Amino acid sequence: MKRYDPKTVEPKWRAAWAAADVFRADDASRKPKYYILEMFPYPSGSLHVGHARNYAMGDVVARYKRAKGFEVLHPMGWDAFGLPAENAAAERGVDPAAWTRDNIDKMRAELQRLGVSLDWSREFATCDPEYYGAQQALFLKLLKRGLVYRREGLVNWDPVDMTVLANEQVIDGRGWRSDAPVERRKLNQWFMRITDYADALLDGLDTLERWPDKVRVMQRNWIGRSQGLRLTFAFDPANAPTEGSAGLEVYTTRPDTLFGASFLAVAPDHPLTEQLAAGNPAVSDFVAACRKGGTSEAEIESAEKLGFDTGLRVVHPFEPDKTLPVWVANFVLMDYGTGAIFGCPAHDQRDLDFARKYSLPVLPVVLPAGEDASSFHVKQEAYVGPGKICRSGFLDGLEIEAAKRAAVERIEAAGAGVGATVYRLRDWGVSRQRGWGCPIPVIHCAACGAQPVPEGDLPVRLPEGMDFSQPGNALARHPTWRHVACPSCGAEASRDTDTLDTFVDSSWYFMRYAAPHAEEAIDRTAVDAWMPVDQYIGGIEHAVLHLLYARFMTRALSDEGLVTAKEPFAGLFTQGMVTHETYRRQTGEWLTPDEVVLRSEGATRQAVMAETGEPVVIGEPVKMSKSKRNVVAPADIADTWGVDSARLFVLSDSPPERDVQWTMAGAEGAWRLISRVWQEFETVPPADASFARGEAADALRRVTHRTVKAVGEAIEGFRFNSGVARLYEFVAALKACPRGPQTDGARREGLSAIARLIAPYAPHLAEECWSLLGEQGLVATAPWPQWDAVWVEDDEKTLPVQINGKRRGEVRAPAGASAEFVEQLVRGDAEIARRLDGLTVQKVIVVPDRIVNLVAS
RNA sequence: GGGGACGUGGCGGAAUCGGUAGACGCACCGGACUUAAAAUCCGUUGGCCGCAAGGCCGUGAGGGUUCGAGUCCCUCCGUCCCCACCA
């Protein structure tokens, strides 16, 4: 028997797809559109198995939808700006642009080899001047709209690499590369006003029904809307700051506990603190001490509350005779609320810790049910549960929510404050002091200030020959690039030398695919024809940042009139990672999978080094990483079993949202399925074979139609693994079916179905099978097989019969048989009667076509 | 500290609406083919008792709702993820 040879078959069909240009999306098509997109990769230079799984999933959906009659847009591009290119430039002296291009070429070839059905005519990289020029135009539109602004902002500064770091590059307070403690510096930065969209982004989550709840919850928490009160405490004239400011504004979500207030606290970087520090070294020393604290989880967990009594006092808004001390406290954050709080120790754990340390009063004002106001005390644990307000004048006896409303009303009436919504979300700082990024299209003029680059001068291109050999911003260091005339007055001026956060690049790329080379950044007609993305697929690690920025950008550009869609991604799927076991020598040194030979001794698995036979310790499967050397390249897998096996395996062993463990044995299993399918095509019944009735033929037709239905439903529901399981069963049924004129029609139908059903998973094999059937054209353009209810539904059903919930037998009844009919059958069944011996049937539950339960005693 | 998810054989997992738990794959074991091995093919495999027929137990633990619970509710245990001195 001949063997299936992927090495010759696979390239042949990829060439056939390319020649027929079958994956090009037609903008003018009258079919319903379907836009499927996987998150575009950073061109690191090599495709790993995780990428392969991601794109294989998207490809299953793309090929399935195409077969279902949709005009499918399935594009690919490159998230090509970012630090790795600068690091390569610094370490090897290469040009980051050339390095990136080279990587893109390598990865494109690998991706093409996977047989992913992509429309390559729309490919672009974010480092193309055409793309980032368009992005600059969008930036200027948003600037004009007031959604981009410039202010001084705090940044994470790495003193060793001399660069600003993104929050995610700061790990436990240290730079991710330098490991140096990160400093907070103030720099002039461009910001996007994402907070203007906080409500829209929050409310919009409710419309995203095809997003995982997990991601929606994470975004909701990230935006962090809270309802509360902004309230100004007036200073006690006897103890006011020298400048005589009127009061101190705090934010609270618990105005109901105002009568329990025992102090106010401001952040170490609050303007009041800074004012006091200027005249008092004790204050500035305290502020310096606060800055020392680490930001790691353990450090925050155990961090001591630190406070400094300023000596200032404020008047309680409800009790004019009472004054409260104002402290500086290390646990108050400047960038949330107003940077100042009132402390109610009885009902907030942090306030309580602080009050205990500095001997401040603890006044419970919320009484849990069943407690007595005179005997209820708070010791080391603050009471945060429900209850009735007490010791609080006009609030006494109210429940918490009612008391909040009453307190806000009273404060508003007195003009001391206003009910307010506060968000955890901050504006998005987009300036990066990096050379390999999209230049910010602004010119700074001493006389005219920050001037947008005139649209006709776009793109503002990166210069050739930047010097990356030193740490810091290579663009700022370029000898000539920044010098330019002011577009307004013509005087000597200077370009902004920052580049945009790469998250800006990825916040709108999915719209650019609609018309990747349009003059306008966004060609509205083209974009509206394709947007929103019907199905987006990517890693859960982008649950907040990328997915939130993309939602913001889509809304902002929609309000600008560039696109109709308000939300970019109608459906989102977050796929799991590919893991692999780890292997270590006794000495602890990591080994790659090819350096190891696995053996089974009965039920136990053992590993030894391939060369020396030295025993190897097998470790748990973990995410593939270079440091643990457990990386398997898709190319290696493809060399051994062909890319179809690799695709099939990464989709078959685990549900797609979960991690899948790569194993040789699993890949072999996928290969076995492929060979078995192919072997079924060794003899193919003629196209004009007629259907004959018969037990074997009918049985096969039932399996065929049921499998068509099940595989389609599995793909629609992102249960690719279940779909593969049905294919295994199907090929077994084909194999078991006797051959001959009696079954030719049924076999032909089955073979035609399996070729098309397996096409999304193993497209090369499917084309080969399709051609063996003698079909004209490609399976890639063939319609999805239809199933017929006649063959899917059984004429006769087997109903399990339970007695008191335990299975005790079964009866066969025609489909749709009435409850009465089934009950008669059960009562006439000898086996059931035997089981019921000595029991009296109290009740009979018949669920038609499903189950019978007899309640007996 | 806050939020969320998950827990099913030796392993990955299936059971989509509350209706036969363990589909399918891996591994193991047995068999066929082979001088032999690999590959391939066929078959067994949740646990316990039993020669068998069959019986009992069984979806992290305990309770509840229901004729019926892996699935719904409550409590607990464990694992993982996200956020975090967010007022």
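For clarity, every value in this text was computed on a predicted model and none was experimentally measured. Lettering follows sequence order; numbering is per chain, from 1.
Rounded to whole Å, the separation between the P atoms of G18(B) and C6(B) comes to 15 Å. Taking the C1' atoms as reference points, A61(B) lies 15 Å from U8(B), given to the whole Å. Here the separation of U16(B) from A21(B), taken at their P atoms, is 14 Å to the nearest Å. Rounded to whole Å, the separation between the C1' atoms of A5(B) and G19(B) comes to 27 Å. When the P atom is used for both G1(B) and A69(B), the distance is 36 Å, rounded to whole Å. Distance noted for atom P between C82(B) and G62(B): 32 Å (whole Å). For the P atom pair drawn from A15(B) and G63(B), the interatomic distance equals 29 Å after rounding to whole Å. Atom name C1', nucleotides A27(B) and G12(B): the rounded distance is 11 Å, in whole Å.
Taking a cutoff of 4.0 Å between a charged side-chain nitrogen and a carboxylate oxygen, Arg220(A) and Asp213(A) do not qualify as a salt bridge. Looking at Arg676(A) and Glu680(A), no side-chain N of the basic residue comes within less than 4.0 Å of a carboxylate O on the acidic one, giving no salt bridge. One finds a salt bridge joining Arg827(A) and Glu823(A) here, because a Lys/Arg side-chain nitrogen approaches an Asp/Glu carboxylate oxygen to under 4.0 Å. We find that Lys797(A) and Glu810(A) are not joined by a salt bridge, their nearest charged nitrogen and carboxylate oxygen being 4.0 Å or further apart. Of the charged side-chain nitrogens involved, none lies within less than 4.0 Å of a carboxylate oxygen, so that Lys7(A) and Asp5(A) do not count as a salt-bridged pair.
Nucleotide U66(B) forms no Watson-Crick or G-U wobble pair with any nucleotide shown, as no partner meets the under 3.5 Å limit on both distances. Across all strands shown, G55(B) is found opposite C48(B) as a Watson-Crick or G-U wobble partner, with both distances under 3.5 Å. Nucleotide A39(B) forms no Watson-Crick or G-U wobble pair with any nucleotide shown, as no partner meets the under 3.5 Å limit on both distances. Summarising the base pairing, A84(B) is matched to no nucleotide, lacking a Watson-Crick or G-U wobble pair whose two defining distances lie under 3.5 Å. With both pairing distances under 3.5 Å, G18(B) is matched to nothing as a Watson-Crick or G-U wobble pair. Using Watson-Crick or G-U wobble geometry with both donor-acceptor distances under 3.5 Å, G7(B) finds its partner in C77(B).
Among the atoms of the strands shown, only primed sugar atoms or phosphate atoms (P, OP1, OP2) are found under 4.0 Å from some heavy atom of Ser722(A). Base contact: Val847(A) has a heavy atom under 4.0 Å from a base atom. Residue contacts shown for Val332(A) include a base, since a base heavy atom lies under 4.0 Å away. In this structure, Tyr251(A) reaches the bases: a heavy-atom distance under 4.0 Å links it to at least one base atom across the strands shown. Within the 4.0 angstrom heavy-atom criterion, base atoms lie near Gln802(A). If you check every strand for non-hydrogen atoms under 4.0 Å, Gly666(A) touches nothing. No engagement by Arg706(A) is indicated, since no non-hydrogen atom pair under 4.0 Å with the nucleic acid exists. Using a 4.0 Å heavy-atom distance criterion, Arg658(A) is classed as a sugar-phosphate-only contact. Counting any heavy atom pair closer than 4.0 Å across all strands shown, Arg216(A) reaches no nucleic acid atom.
For a distance-only test at 3.5 Å, the side chain of Arg426(A) qualifies as a donor-acceptor partner of the base of C86(B). Between the side chain of Arg672(A) and the base of U40(B) there is no donor-acceptor pair of N/O atoms closer than 3.5 Å. Residue-to-nucleotide contacts include a donor-acceptor pair under 3.5 Å from the side chain of Lys305(A) to the base of C85(B).
In G55(B) the O4'-C1'-N dihedral to the base is more than 90° from 0, which defines an anti nucleotide. C29(B) shows a glycosidic angle more than 90° from 0 and is accordingly assigned anti.
When the P atom of C86(B) is taken as reference, atom CG of Asn221(A) falls 13 Å away, rounded to whole Å. Spacing between atom NE2 of His347(A) and atom P of C85(B) amounts to 24 Å, rounded to whole angstrom units. Protein atom CD of Glu620(A) is 14 Å distant from nucleotide atom P of U79(B), rounded to whole Å. Across the protein-nucleic acid pair, Asp335(A) atom CG and A84(B) atom C1' stand 13 Å apart, rounded to whole Å. Look at CD on Glu668(A): it is 18 Å from C1' on C24(B), rounded to the nearest Å. Put simply, CD1 on Ile674(A) is 16 Å from C1' on C24(B), counting in whole angstrom units. Between the NZ atom of Lys797(A) and the P atom of U20(B) there is a distance of 13 Å, given to the nearest Å. Atom-to-atom, NZ of Lys735(A) to C1' of C42(B) comes out at 9 Å; the value is rounded to the nearest Å.
For Ser654(A), counting side-chain heavy atoms from C-beta on, the closest listed nucleotide (A23(B), G54(B), G13(B)) is G13(B). Closest to the side chain of Asp653(A), out of C86(B), G12(B), A39(B), is G12(B). Among the nucleotides C85(B), A23(B), G13(B), the one closest to any side-chain atom of Pro655(A) is G13(B). Across A27(B), C82(B), C67(B), the shortest atom-to-atom separation from the side chain of Ala665(A) is found for A27(B). With A84(B), C85(B), G68(B) as the candidates, the nucleotide lying closest to the side chain of Asn330(A) is C85(B). Candidate nucleotides G13(B), C85(B), C82(B) were compared by shortest atom distance to the side chain of Asn721(A), and G13(B) ranks first. Here C81(B) is the nucleotide among C67(B), A87(B), C81(B) with the atom lying nearest to any side-chain atom of Lys214(A). Listed nucleotides C24(B), G19(B), A39(B) differ in distance to Ile845(A); the shortest reach to its side chain belongs to G19(B).
Distances shown here put every side-chain N or O of Arg350(A) at or beyond 4.0 Å from the OP1 or OP2 atom of G1(B). Within the structure, every side-chain polar atom (N or O) of Arg850(A) is placed at least 4.0 Å from both OP1 and OP2 of C17(B). Between Arg807(A) and C56(B) there is no side-chain polar atom (N or O) within less than 4.0 angstrom of OP1 or OP2. Not one side-chain nitrogen or oxygen of Tyr728(A) sits closer than 4.0 Å to the OP1 or OP2 atom of G25(B). Taking side-chain N and O atoms only, Lys806(A) has no distance below 4.0 Å to OP1 or OP2 of C56(B).
Because its NZ or CZ atom is not both nearer than 6.0 Å to the ring centre of Trp787(A) and within 45° of the ring axis, Arg706(A) does not count as a cation-pi partner of that residue. In this structure, Lys305(A) fails the cation-pi test against Phe354(A), since its NZ or CZ atom is not both closer than 6.0 Å to the six-membered ring centre and inside 45 degrees of the ring normal.
Residues Arg726(A) and Val852(A) each lie close to RNA chain B; by heavy-atom proximity, the contact nearer the 5' end of the strand is made by Val852(A). Both Ala710(A) and Leu306(A) sit near RNA chain B, but only Ala710(A) has its closest nucleotide nearer the 5' end.
Interatomic distance, CZ of Phe233(A) versus NE2 of His316(A), reported as 6.0 Å (0.5 Å rounding).
Using a 30° and 60° split on the angle between ring planes, Phe718(A) and Phe720(A) fall in the tilted class, from 30° to 60°.
The backbone N or O of Leu229(A) lies less than 3.5 Å from no partner atom in the side chain of Thr252(A), so there is not a single donor-acceptor pair.
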